[in-house]
Number of protein chains: 2
Amino acid sequence: MKRIKRATLEAHGWRLGTAADFLDLTPEEAAFVGTKLALSQSVRDRRIAQGLSQAALAKRLTSSQSRVAKMEAADPTVSVDLLLRALFALGAKPSDVASAIRKGRSLAA
Amino acid sequence: MKRIKRATLEAHGWRLGTAADFLDLTPEEAAFVGTKLALSQSVRDRRIAQGLSQAALAKRLTSSQSRVAKMEAADPTVSVDLLLRALFALGAKPSDVASAIRKGRSLAA
DNA sequence: CGAGGATATGTCAGTTCTGACATCGACACA
DNA sequence: TGTGTCGATGTCAGAACTGACATATCCTCG
């Protein structure tokens, strides 16, 4: 898997509302990163909606607080697999995941 | 990530139409496996619809024919990340991915 | 019967991801 | 001020994943 070092910075820029420049992301990469962002946002939203701390969610996942933080920050070292597991652990159904992805903002240049 | 050795067998059982027993999959695991199956099926469908060989798709992905075969077989060693990359490389848009997931057959016991 | 194309399966060394841990800053409340 | 909770960030050893390769099976043409 190609490492996209800028992903996190860009993700933050986007999440903070600043103008992100995804200049050299191919359409495929943009779609992938956008999907990841949508999922990580969904994890945070669901966790908060359920009044859980990152540590509490981590426990359900047999993971750690730091990894949950990275998930929600769309850290490049977090896999989509882990994001999906987190969502399902938060009670999401496949249709919820589908909605989250569909709602994800496009990162087209 | 917890290894689910039975996943492949079960996946095949399901894909071949035989009665699969997902007896000891938790709802979360079932949702996860089901999602993976939906994505791998989508990869195969799209590839064939575009008249591509597994080798051709592999080349686009900078991967190998054997890995594409494993993707389509929902092999446990294939990550969702890779499946998503394959779908995007096949021209899928996030909304297409969402549809694929939503259409995925439930694996509820 | 070959030969060639497409796909399936097993293996492996190198890379990536993961949980855990340490640490830090922010905030709340006694 | 001190104590506790929460979340962010960096690191690392071990686990999981990856591309590549070898090989095998099935087809479909000659």
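For clarity, every value in this text was computed on a predicted model and none was experimentally measured. Every chain is numbered from 1 and lettered A, B, ... according to where its sequence line falls, protein lines coming before strand lines. Scope of the values below: all heavy atoms of this structure, side chains included, with no hydrogens, waters or symmetry mates.
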Checklist entry - Pick one: which of B:Glu29, B:Glu28, B:Lys36 meets side-chain contact (heavy atoms from CB on, under 4.5 Å) with B:Phe32? => result B:Lys36
So does [X] get a side-chain nitrogen or oxygen closer than 4.0 Å to the phosphate oxygens (OP1/OP2) of [N]?
X: B:Arg44; N: C:dA6; value: no
X: B:Ser79; N: D:dT18; value: yes
X: B:Ser66; N: C:dT9; value: no

Calculate the interatomic distance between [X] atom [atom1] and [N] atom [atom2]; express it in whole Å.
X: A:Gln54; N: C:dA26; atom1: CD; atom2: P; result: 17 Å
X: A:Asp75; N: C:dT16; atom1: CG; atom2: P; result: 14 Å
X: A:Arg67; N: D:dA13; atom1: CZ; atom2: P; result: 15 Å
X: B:Glu72; N: C:dA8; atom1: CD; atom2: P; result: 7 Å
X: B:Lys59; N: D:dA20; atom1: NZ; atom2: C1'; result: 16 Å
X: A:Gln65; N: D:dC6; atom1: CD; atom2: P; result: 10 Å
X: B:Ile48; N: C:dG5; atom1: CD1; atom2: C1'; result: 15 Å
X: B:Lys70; N: C:dT7; atom1: NZ; atom2: P; result: 15 Å

With sugar-phosphate meaning primed atoms plus P, OP1 and OP2, does [X] contact a base, only sugar-phosphate, or nothing at under 4.0 Å between heavy atoms?
X: B:Val68; value: nothing
X: A:Ser53; value: sugar-phosphate
X: A:Thr62; value: sugar-phosphate
X: B:Ser64; value: base

Checklist entry - Measuring from A:Met71:CE to A:Leu87:CG, what's the distance to the nearest 0.5 Å? => result 9.5 Å
Checklist entry - In Å, rounded to the nearest 0.5 Å, how long is the span from CD of A:Glu72 to CG of A:Leu57? => result 7.5 Å
Checklist outcome for this item: Against the side chain of B:Thr77, the closest entry in D:dT11, C:dT9, D:dT18 is D:dT18
Checklist entry - Counting side-chain heavy atoms from C-beta on, which of D:dG19, C:dG19, D:dT9 comes nearest to B:Leu82? => result D:dG19
Checklist entry - Salt bridge check: are A:Asp96 and A:Arg46 linked by an N-O gap of less than 4.0 Å? => result yes
Next on the checklist: Checking B:Arg44 against B:Gln54 for the side chain to side chain contact (heavy atoms under 4.5 Å, CB included) test, could you report, in this order, the C-alpha distance in whole Å, the side-chain angles of both residues, the deciding distance, and whether it holds?
Outcome noted: CA-CA 9 Å; B:Arg44 166 157 277 174; B:Gln54 292 183 339; 3.8 Å; yes
